[in-house]
Asks: 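This is the structure I have questions about; it appears just below.
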2 protein chains.
Amino acid sequence: MPAKHDFHELDLDPRAREVLREIVMQHIESGDAISSRTLAKCGRFDLSPASLRNVMADLEDLGYLAQPHTSAGRVPTDRGYRFFINHLMKSRSLSAREREVIDDQVSHAHEIDEVLHLASNLLWKLSDQVGVVFMPTLLQFAIRSMDFVLVAENKIMCILVGVNGVVVNKIVETRFRFTRDELEKISRFSTAEFSGCTLDLVRRRLVRMTEQERAQHDEMLQKTISLGIEAVNAPIDHDLYVEGAESILNKPEFADAALLRKTFLALQEKERLVEILESCLQAEGLQILVGSESDFTGDHNFSIVARRYGSQSTPNGMVAIIGPMRMEYARMAPLVDYLGRALSRKIEEQEQPR
Amino acid sequence: MPAKHDFHELDLDPRAREVLREIVMQHIESGDAISSRTLAKCGRFDLSPASLRNVMADLEDLGYLAQPHTSAGRVPTDRGYRFFINHLMKSRSLSAREREVIDDQVSHAHEIDEVLHLASNLLWKLSDQVGVVFMPTLLQFAIRSMDFVLVAENKIMCILVGVNGVVVNKIVETRFRFTRDELEKISRFSTAEFSGCTLDLVRRRLVRMTEQERAQHDEMLQKTISLGIEAVNAPIDHDLYVEGAESILNKPEFADAALLRKTFLALQEKERLVEILESCLQAEGLQILVGSESDFTGDHNFSIVARRYGSQSTPNGMVAIIGPMRMEYARMAPLVDYLGRALSRKIEEQEQPR
DNA sequence: ACCTGGCACTCCGCAGCTTCGAGTGCCAGG
DNA sequence: CCTGGCACTCGAAGCTGCGGAGTGCCAGGT
């Protein structure tokens with residue numbers, strides 16, 4: 001952080017900070033631009049509107065506030081929100097009720113995808129913003145088992161279980177015919193052989209096997225290898241749960257039909273979402289991106305409140321909320337944080353079943 | 001159909017029919033209300049606007065047309081569309097390009113859910129309406145196999161394959177511990193025992209087994225039964241693919257933000273969609289529902305173009321397009337029909353693999 | 001040095017008015 | 001039975017004026 005920036009921020013005298021804080025809070029609540037008069041009336045300041053106007057003018061000069069037009073009140077800028085989040089916000093901890101709902105739901109889910117789906121749903125319902133949960137592809141993790149089941153004469157379902165408990169299944173079509181017996185043998189072999197490997201490693205080892213002398217003559221081995229390669233090459237997507245896109249339909253900032261349309265379509269672009277979530281994956285703890293601070297949020301005046309989940313040992317994903325810049329950060333932050341922790345706990349539990 | 005209705009419809013003299021047809025077509029194309037003047041200008045009639053006005057007034061009396069307000073042109077009513085669809089429409093057959101796209105895509109997909117997902121996607125892209133594909137739950141069909149795979153110490157994945165090739169997998173948690181060996185045996189047993197049964201029948205037979213003497217003592221059998229019951233009781237949903245809801249954002253009839261919101265939310269109510277699609281499941285061939293002809297479409301001024309797919313022998317689902325009443329029926333009808341046929345063919349092929 | 005009331009100014013939103021054009025219905029004449 | 005003409009209706013668009021909400025600035029008070 002450049003010194004000048006710091007200087008600015010610390011330079012704000014306490015009164016200005018209070019004013020900024022009040023403006024941001026009121027604006028978040030009402031959505032309107034805040035005038036000096038409303039501010040004076042709120043009772044927190046023993047100042048006349050005129051004095052407040054001076055303070056507000058200063059804050060505008062520093063780039064924390066903006067006026068939509070002359071003779072409208074002031075509205076926080078991205079920087080204003082950022083300052084608010086960094087220095088002024090007092091997180092409102094979750095209500096007992098909310099905590100209960102989260103704990104209850106998370107503990108009742110079983111499969112990991114069920115848990116994640118539920119998490120995005122919870123985020124949506126509890127925040128009334130768009131809830132997003134991201135799980136990176138299995139590719140980066142080691143697998144625990146690899147099984148094959150006959151589905152049709154020429155179709156085999158391959159079931160991969162990651163060390164993190166993620167279960168992925170893919171149906172592959174093969175030119176060989178397999179019997180149940182064979183598949184059972186192959187399952188045993190593959191699991192024994194590859195458990196602990198990442199998919200990438202599995203692929204390399206399979207390829208190496210084809211080169212060995214033995215493979216040329218052992219038909220069974222050939223079939224195993226071919227099936228394994230098919231299975232590993234089958235595309236395995238990351239999972240992205242986006243829930244509650246319709247909740248933006250309510251928000252007054254998107255009352256305009258054209259803007260709404262644009263905003264809505266933006267949320268369908270999963271690739272961009274994945275991209276930005278992946279870029280947050282490194283950082284520990286809660287992250288908040290406001291408006292112009294990232295490409296995606298900047299284009300659409302969004303903010304993102306995100307947190308990594310998962311234990312240190314195993315791969316992580318992200319939970320996040322996406323909404324308009326004007327959102328209740330003080331409530332969203334603890335919500336995302338709590339849910340992230342709950343998920344992490346759940347996942348750690350599942351790793352070491354009692 | 002009541003005689004009176006028939007009378008009305010057949011009573012329309014050829015000129016009135018032509019006029020109605022032209023109005024519907026022009027309105028579908030432009031979205032505007034059609035005036036006598038525009039109609040006269042189109043060249044298809046050797047009549048003055050005044051004469052056309054008379055014809056139009058008659059059509060309005062009969063309920064085929066309506067005026068949004070005095071001094072606006074005329075717009076087709078539900079009945080108008082219905083008459084158009086039944087008697088006036090000339091289906092425009094698919095372009096070679098479109099047919100090619102469909103055939104190509106359908107033939108390249110493998111798993112049935114992949115095919116269906118693709119189908120809804122195609123419907124959307126080719127029609128620019130909301131594409132819907134519905135597959136009823138597996139419950140009504142006989143199964144071909146039933147396998148179990150170890151996923152974690154206390155979690156078993158159960159894989160059911162229907163005679164129609166549908167593959168369903170569910171992860172169940174059990175209080176027993178299973179080894180790979182056991183699961184393999186159970187899989188063999190279950191498949192041999194239950195292949196050809198509907199899930200309901202499987203459940204009943206499992207329950208009956210618990211009552212037999214043997215079950216009391218044979219631990220292995222107990223475990224099998226418990227697992228089987230878990231698997232069969234795991235909820236198995238119907239599949240519903242809805243794609244392209246965002247395409248209604250474009251349609252001028254939903255320019256108003258409030259209406260758009262309402263419309264959009266309506267499309268999220270999958271239950272109602274399922275309900276209406278299920279009700280169409282009985283009828284063979286293409287079905288078109290216009291506006292007030294059904295609850296769902298009536299509430300939102302939608303129309304639905306739907307068709308059953310699947311072979312006679314095996315269970316069927318529906319493919320459909322949902323859009324505003326003002327849609328190009330002449331193009332949608334063949335599109336849905338063709339896709340339905342393509343799907344049916346694909347499914348029949350998969351039933352009897354060469 | 002700082003706060004404050006007052007005042008001029010700007011700008012938005014709204015209500016009311018007019019105008020314009022697009023349609024229709026009806027009628028009388030060919 | 002068709003047609004041109006005419007009166008009438010209605011909505012969309014544009015203009016105007018006004019009130020309200022805000023701000024900026026200044027001069028005077030503490």
Side-chain angles (χ1 to χ4, degrees), chain A residues 11-20 22-24 26-27 30-77 80 252-253 255-257 259, chain B residues 11-20 22-24 26-27 30-77 80 252-253 255-257 259:
Chain A
D11 200 37
L12 271 191
D13 63 288
R15 199 176 62 183
R17 296 164 72 107
E18 275 311 293
V19 170
L20 178 54
E22 191 62 27
I23 291 177
V24 174
Q26 290 208 19
H27 178 255
S30 69
D32 299 328
I34 308 301
S35 72
S36 54
R37 223 174 75 90
T38 13
L39 215 51
K41 271 192 305 187
C42 88
R44 246 188 259 283
F45 307 99
D46 259 347
L47 292 174
S48 74
S51 313
L52 289 169
R53 279 206 282 281
N54 290 327
V55 182
M56 290 161 85
D58 291 348
L59 286 170
E60 181 165 358
D61 287 345
L62 292 172
Y64 295 125
L65 295 180
Q67 292 187 65
H69 50 261
T70 351
S71 117
R74 254 94 170 187
V75 159
T77 60
E253 28 270 273
D256 176 50
L259 181 58
Chain B
D11 200 36
L12 272 190
D13 63 289
R15 197 175 64 185
R17 296 164 74 107
E18 275 312 293
V19 170
L20 178 54
E22 191 61 28
I23 291 177
V24 174
Q26 290 209 18
H27 177 255
S30 69
D32 300 327
I34 309 300
S35 72
S36 54
R37 223 174 73 90
T38 14
L39 215 51
K41 271 192 304 187
C42 87
R44 246 188 258 285
F45 306 99
D46 259 345
L47 291 175
S48 74
S51 312
L52 288 169
R53 279 205 282 282
N54 289 327
V55 182
M56 290 161 87
D58 291 348
L59 286 170
E60 181 166 359
D61 288 343
L62 292 173
Y64 295 124
L65 295 179
Q67 293 186 66
H69 50 260
T70 349
S71 117
R74 255 92 170 189
V75 159
T77 60
E253 28 269 275
D256 176 51
L259 180 60

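Residue numbers start from 1 in every chain, and the chains themselves are labelled A, B, ... in the order their sequence lines are given, proteins ahead of strands.
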Asks: Reckon S51(B) has a side-chain N or O less than 4.0 Å from the OP1 or OP2 of dC1(D)?
Replies: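 No, S51(B) has no side-chain N/O under 4.0 Å of OP1/OP2 on dC1(D).
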
Asks: For atom CG of D46(A), decide whether the heavy atoms of other residues, nucleotides or ligands shown that lie under 6.0 angstrom number more than 12.
Replies: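 For D46(A), atom CG is not crowded (no more than 12 foreign heavy atoms under 6.0 Å).
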
Asks: From CG of D58(B) over to P of dC26(C), roughly how many Å is that when rounded to an integer?
Replies: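 To the nearest whole Å, that distance equals 12 Å.
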
Asks: Please lay out, stage by stage, how L39(B) and Q26(B) fare under the test side-chain contact (heavy atoms from CB on, under 4.5 Å).
Replies: CA-CA 9 Å; L39(B) 215 51; Q26(B) 290 209 18; 4.2 Å; yes

Asks: If I take atom CG in residue L65(B) and atom P in nucleotide dG25(C), what distance separates them, rounded to the nearest angstrom?
Replies: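 L65(B) atom CG is separated from dG25(C) atom P by 11 Å.
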
Asks: Just the table, please: protein N/O against nucleotides 4-7 of chain D N/O, every pair under 3.5 Å.
Replies:
residue, atom, partner, partner atom, Å
dG5(D), O6, R53(B), NH2, 3.3

Asks: By nearest atom, which of the nucleotides dC2(D), dG24(D), dG25(C) is closest to the A57(A) side chain?
Replies: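 The closest nucleotide is dG24(D).
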
Asks: Run the side-chain hydrogen bond (donor to acceptor under 3.5 Å, both in side chains) test against T77(A) and tell me which residues pass, sequence neighbours left out.
Replies: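 If we apply the side-chain hydrogen bond (donor to acceptor under 3.5 Å, both in side chains) test to T77(A), skipping adjacent residues, there are no hits.
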
Asks: Rounded to whole Å, how long is the line connecting atom CZ of R37(B) with atom P of dT3(D)?
Replies: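 Going from R37(B) (CZ) to dT3(D) (P), I get 16 Å.
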
Asks: Does Q67(B) place a side-chain N or O at less than 4.0 Å from the phosphate oxygens OP1/OP2 of dA22(C)?
Replies: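 So the side chain of Q67(B) is outside the cut-off, no N or O lying under 4.0 Å from OP1 or OP2 of dA22(C).
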
Asks: Among the candidates dT23(D), dT24(C), dC2(D), find the nucleotide nearest to the side-chain atoms of R74(A).
Replies: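 The nucleotide sitting nearest to the side chain is dT23(D).
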
Asks: Categorize S35(A) for me: base, sugar-phosphate, or nothing, with a 4.0 angstrom heavy-atom threshold over every strand shown.
Replies: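 Sugar-phosphate, no base atom in range.
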
Asks: In dot-bracket, 5' to 3', how would DNA chain C read with Watson-Crick or G-U wobble pairs under 3.5 Å, [ ] for crossing ones and | for pairs to another strand?
Replies: ||||||||||||||||||||||||||||||

Asks: Who are the side-chain hydrogen bond (donor to acceptor under 3.5 Å, both in side chains) partners of S71(B), not counting sequence neighbours?
Replies: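 Per chain and number, S71(B) pairs via side-chain hydrogen bond (donor to acceptor under 3.5 Å, both in side chains) with no residue.
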
Asks: Starting from C1' on dC25(D), measure out to CD on E60(A) and report it in whole angstrom.
Replies: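 One finds 15 Å between C1' of dC25(D) and CD of E60(A), rounded.
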
Asks: Check the distance between dT23(D)'s P and D61(A)'s CG and give it to me in whole angstrom.
Replies: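 Atom CG in D61(A) sits about 14 Å away from atom P in dT23(D).
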
Asks: Mind calculating the distance between CG (N54(B)) and C1' (dC2(D)) to the nearest angstrom?
Replies: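 Roughly 9 Å, once rounded to whole Å.
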
Asks: So, using side chain to side chain contact (heavy atoms under 4.5 Å, CB included) as the criterion, who are the partners of A16(B) when residues are at least two apart?
Replies: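 Residues passing side chain to side chain contact (heavy atoms under 4.5 Å, CB included) with A16(B): L12(B), D13(B), V55(B), L59(B).
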
Asks: How does protein reach along nucleotides 10-17 of chain D, written 5' to 3' as B (base within reach of a heavy atom under 4.0 Å), S (only sugar-phosphate), or - (no contact)?
Replies: BS------

Asks: Below 4.0 angstrom, N of the basic side chain to O of the carboxylate: do E60(A) and R74(A) qualify?
Replies: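 Salt bridge between E60(A) and R74(A), a charged N being under 4.0 Å from a carboxylate O: yes.
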
